[in-house]
Amino acid sequence: MTRHPVFSRIDANLATLLIGAVILWFAPAGLKSYGLYVISLWLVMSIAAMGLNLTLGYAGLKSLAQAAFLGIGAYTTALITAKGGIIGPGWSWPLAFVVSGAITFFAGVILGFPALRVKFHYLAFVTLSFATVMFLIFRNEQWLTGGVYGFSNIPRPSVMGSKLDNDLAFFRFVLVVTVLLSLAMWWMLRSPWGRAFTALRENPLRAASLGINLRAYTLLAFAIGSAYGGFAGALYAPLVEFIDPAPFAISASFVLLLTVVVGGQGYFLGPFLGAAFSYVLPEVLRATGGLYLLIYAALVLILLLITPQGIIGIVEKMRENRRQKAAQEQRNASKVMLEA
Amino acid sequence: MDQFVQLILAGLATGAIYALAAIGFTLVWQTSQTINFAQGEFVMLPAILVLAAVKFLHAPLPVAVLMAVGGFLLLFGFGFKQYIVNPMARHGILPLAIATMALSILMKESAKDGFSAEAQQFPSLVPEGAIQLFGATLSLRDIAIFVVAVVAIVGLQLFVTRTKTGRMMQATAQNPTVARILGISTEKMILLTFLINAGLAILASFLISPVYLAKFSNGEVIGTAAFIAAIVGGFNQVRGALAGGFIVGLVDNLAAAYVSSAYRAAVPLVLLVLVILFKPEGLLGSKEERTV
C-alpha cells in the first residue's frame with residue numbers, strides 16, 4: 001500500500017476526468033439551450049484556463065494575455081469558417097482549429113522570446129501590452145474583424161456531413177474536444193516535459209544545473225499554454241456565433257488569471273473548478289441584475305484571503321491534515337507498543 | 001509648431017498625473033512588495049466618491065470632498081493594507097497581485113453599479129481658459145495640473161529625503177530587517193506609504209477627472225500608464241517613476257496627434273517593450289540583485 005502520492009493523485013485526476021466526461025455526456029439531456037450554452041462555455045473556458053494553468057501553475061510564468069489568445073483563436077476561426085469555409089464545410093472547422101492553435105503557439109514564442117531574455121516577471125507586463133494591442137486591433141481593424149460591430153453568422157462545425165446546429169450535439173462536440181485536450185495535457189504533465197516545467201517553477205537554478213534548457217522549456221510552456229487559449233477560441237466562436245472585441249479585453253485576461261488561481265494553480269483539475277466559479281457562477285448570479293461581477297469579485301477576494309492555494313487547496317489541506325493525523329496516531333500506537 | 005508646443009504641455013500635464021500614480025505604485029512596491037493592479041481604480045474612485053456624496057447625501061462640494069478624502073484614506077490607505085495586503089503578504093507576490101486584480105474589478109463594478117455607468121462632469125479646481133505665450137495657446141488647466149502635481153512630487157521627495165520620518169521610510173524600503181533592528185517601527189512606515197499612495201491617488205483623481213470626466217472605466221487607461229511609467233523609469237526609484245510618467249504622458253499625446261489616435265494606447269506599450277528589452281532595470285533604475 002505504499003503508493004507514491006504523486007501517482008495516486010494523477011490517477012485520481014484521470015479517473016475524475018473520464019467519469020466526469022461520461023456524466024456530462026448524458027447529464028444535460030433535459031437542459032434547455034441556455035443551460036447547454038452555460039455548460040459549453042464552462043468547458044471552453046476550462047480549456048483556456050488549462051493552458052494558462054500550464055503557463056502559470058506548472059511553469060510559474062504570469063501571463064496576462066490569455067483572453068487575447070482566446071480572441072485570436074476566435075477571430076481566426078470566424079474568418080476561416082464563415083461563408084461556407086474555404087475548403088468545404090466539413091473540413092473548415094478542423095482547419096480553423098489547427099490554424100488557431102498554430103498562430104497562438106507562434107505568437108506565444110514570439111512574445112515570450114524577448115520577455116524571457118530578461119527577468120521572468122516582466123513577462124506579465126509584456127503580455128499585458130500584447131493583450132492591449134490585440135484588443136485595439138480587434139476593435140480598430142474593421143475590414144478584418146468587424147470592429148465594434150462584431151463578426152456575426154459564425155457557423156457551427158459539421159461532423160460527418162451533418163452540421164451541429166442542435167445545441168446538445170454541439171455541447172457533446174465541445175465535450176469531446178475538451179476531453180481530448182485534457183488527455184493531451186495530462187499526458188504532457190506526466191512526461192519528462194511536464195517534470196521539467198515543474199522543475200522550472202520550483203527551482204530554476206537547480207533545474208538549470210540539472211541540464212534543463214531553461215529558456216527553451218519556459219518558452220515551450222508559454223507557447224503551449226497560449227495555444228490552448230487559441231484552441232478554446234476556436235470553440236468559443238461557433239459557441240456564441242457572434243464575436244466582438246469586448247470578451248477579449250484586458251479585464252477578461254484578468255478574469256482568466258483569477259480563474260486559474262481560484263481553482264488552484266498547478267493542480268490538474270483546478271481550471272475546471274476555477275472556470276465553474278468564474279463563468280458558471282456569474283450566469284447563476286445574473287438573476288441579481290447587474291451586480292453579478294461585483295459579487296463575483298468580492299467572492300474571489302474572500303476566497304483568496306481564506307485560501308490562496310485555490311479551491312483545490314482546501315481539499316489538499318484537509319487531506320494533508322488527515323494524513324498527518326493518521327501518521328500521528330500510528331506514532332502514538334507504536335509508542336505504546338514500545339513502552340509495553 | 002504651435003500645435004507641437006501645446007501637445008508638449010498637454011503631455012506634461014497628463015504625464016504629471018501618471019507620475020503621481022506611478023510614484024504611489026513604486027512606493028507601495030518598495031515597502032511591501034505589493035504589485036497593485038488596482039492602481040488605476042485608485043485614481044478613478046475618489047472623484048466618483050465626491051460626486052456620489054453630492055448626489056446621494058446632498059452634501060455641498062467642499063464637504064463632499066472632505067468626506068471622499070477621509071473615506072478613501074481610511075478604506076484604501078489603511079483598509080487596503082490591513083485587510084488585503086497584510087493577510088496575503090506571507091503567501092508571496094502572486095496571490096497578492098491577483099487579489100489586487102479582484103479588487104480592481106470590485107472597485108470598477110461598485111462605481112458602475114453604485115453610482116453611474118455614464119461619464120460625469122467633475123468640477124474643475126482651476127479656472128478654464130488659455131494664455132498666449134510665444135505664439136502658442138496654452139491651456140491654463142494644463143499648466144495648473146502640471147504645477148500642482150510637480151509641487152506635490154517635490155514636496156514628497158523633500159519629505160522622503162530630508163525628514164527623519166522620510167528617512168525611516170526609506171530604510172524600511174531598503175532593508176526592513178536592519179530597519180527593525182535600528183528601532184524603526186516598520187509596520188507604521190509601511191502604513192504611511194499606503195496612506196501616501198492613497199493621497200497621491202486622490203490628488204491625481206481630482207486633477208484628471210475634470211479633463212477626462214469621471215467614469216468607472218477610467219482606471220484601465222491610468223493604471224496601464226502608471227505601470228508603464230513605473231517600469232520605464234525604473235521600478236525602484238521615485239525619480240524614475242516621475243521621469244517615466246512624463247515620458248509616457250508625452251509619448252501618449254504626441255502619438256495621438258502624429259501616429260494614430262486609434263492606436264495611441266499601443267505606442268507607450270511599444271516603448272515599454274523596448275525598455276524591457278534593452279534596459280530592463282528602467283531608464284533611471286539601478287540593477288536589483290538576483291535572488292537565488
Side-chain angles (χ1 to χ4, degrees), chain A residues 56 60 62 64 111 114-115 117-119 121-126 128-137 139-142 147 203-206 249-251 253-255 257-258 260-262 265 288-310, chain B residues 35 37 83-84 86-88 90-114 117 217 219-221 223-224 227-228 230-231 235 260-281 288 290-292:
Chain A
L56 177 79
K62 302 163 196 78
L64 290 170
L111 196 59
R117 229 175 54 106
V118 291
K119 254 202 234 146
H121 68 246
Y122 279 119
L123 189 68
F125 293 102
V126 174
L128 185 76
S129 313
F130 174 75
T132 310
V133 173
M134 284 318 298
F135 177 74
L136 290 175
I137 291 175
R139 200 190 61 190
N140 293 338
E141 300 304 318
Q142 234 179 66
N203 194 336
L205 276 187
R206 181 157 159 74
I250 297 283
S251 52
S253 287
F254 277 19
V255 171
L257 196 62
L258 291 179
V260 173
V261 175
V262 161
Q265 49 166 318
T288 62
L291 296 175
Y292 70 94
L293 209 53
L294 203 158
I295 299 173
Y296 165 72
L299 280 176
V300 170
L301 212 51
I302 294 167
L303 192 76
L304 279 174
L305 287 172
I306 300 169
T307 164
Q309 275 76 44
Chain B
I35 301 183
F37 279 99
Y83 300 111
I84 293 182
N86 278 0
M88 299 291 299
R90 67 200 154 89
H91 301 297
I93 295 176
L94 182 69
L96 181 54
I98 306 270
T100 64
M101 283 181 203
L103 180 68
S104 89
I105 299 176
L106 185 66
M107 291 170 80
K108 201 170 10 178
E109 291 301 313
S110 308
K112 186 170 124 193
D113 299 332
S217 59
E220 291 168 18
V221 180
T224 319
F227 298 141
I228 299 175
I231 293 174
F235 226 60
S260 147
S261 61
Y263 283 99
R264 79 182 277 186
V267 178
L269 296 169
V270 174
L271 176 77
L272 169 78
V273 172
L274 289 179
V275 168
I276 286 182
L277 273 183
F278 296 108
K279 207 162 180 318
E281 68 275 14
E288 271 179 60
R290 195 168 158 186
T291 48
V292 174

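Residue numbers start from 1 in every chain, and the chains themselves are labelled A, B, ... in the order their sequence lines are given, proteins ahead of strands. What you see below is based on every heavy atom in this structure, not just the backbone, and it leaves out hydrogens, waters and symmetry mates.
- Both the backbone and the side chain of A:Leu304 come within less than 4.5 Å of a heavy atom of chain B.
- Neither the backbone nor the side chain of B:Lys112 comes within less than 4.5 Å of any heavy atom of chain A.
- Neither the backbone nor the side chain of B:Thr100 has a heavy atom closer than 4.5 Å to any heavy atom of chain A.
- Only the side chain of B:Leu272 comes within contact range of chain A, with at least one heavy atom under 4.5 Å from a heavy atom of that chain.
- Taking the six-membered ring for Trp and thresholds of 30 and 60 degrees, A:Phe254 and B:Phe37 have ring planes more than 60 degrees apart, a perpendicular arrangement.
- Each of A:Ile250, A:Leu257, A:Ile295, A:Leu301 has some count of heavy-atom pairs under 4.5 Å with chain B, and the biggest count is that of A:Leu301.
- Most heavy-atom pairs under 4.5 Å with chain B: of the set A:Leu56, A:Thr132, A:Ile137, this distinction falls to A:Ile137.
- Your options are B:Ser110, B:Pro87, B:Gly114, B:Pro95, and the one with the most heavy-atom pairs under 4.5 Å with chain A is B:Ser110.
- Contacts between B:Ile84 and chain A at a heavy-atom distance below 4.5 Å involve backbone atoms as well as side-chain atoms.
- Per-residue counts of heavy-atom pairs under 4.5 Å with chain A were compared for B:Ile105, B:Thr224, B:Ile98; the largest is that of B:Ile98.
- Neither the backbone nor the side chain of A:Leu299 comes within less than 4.5 Å of any heavy atom of chain B.
- With a 4.5 Å cut-off on non-hydrogen atoms, A:Ile306 does not touch chain B at all.
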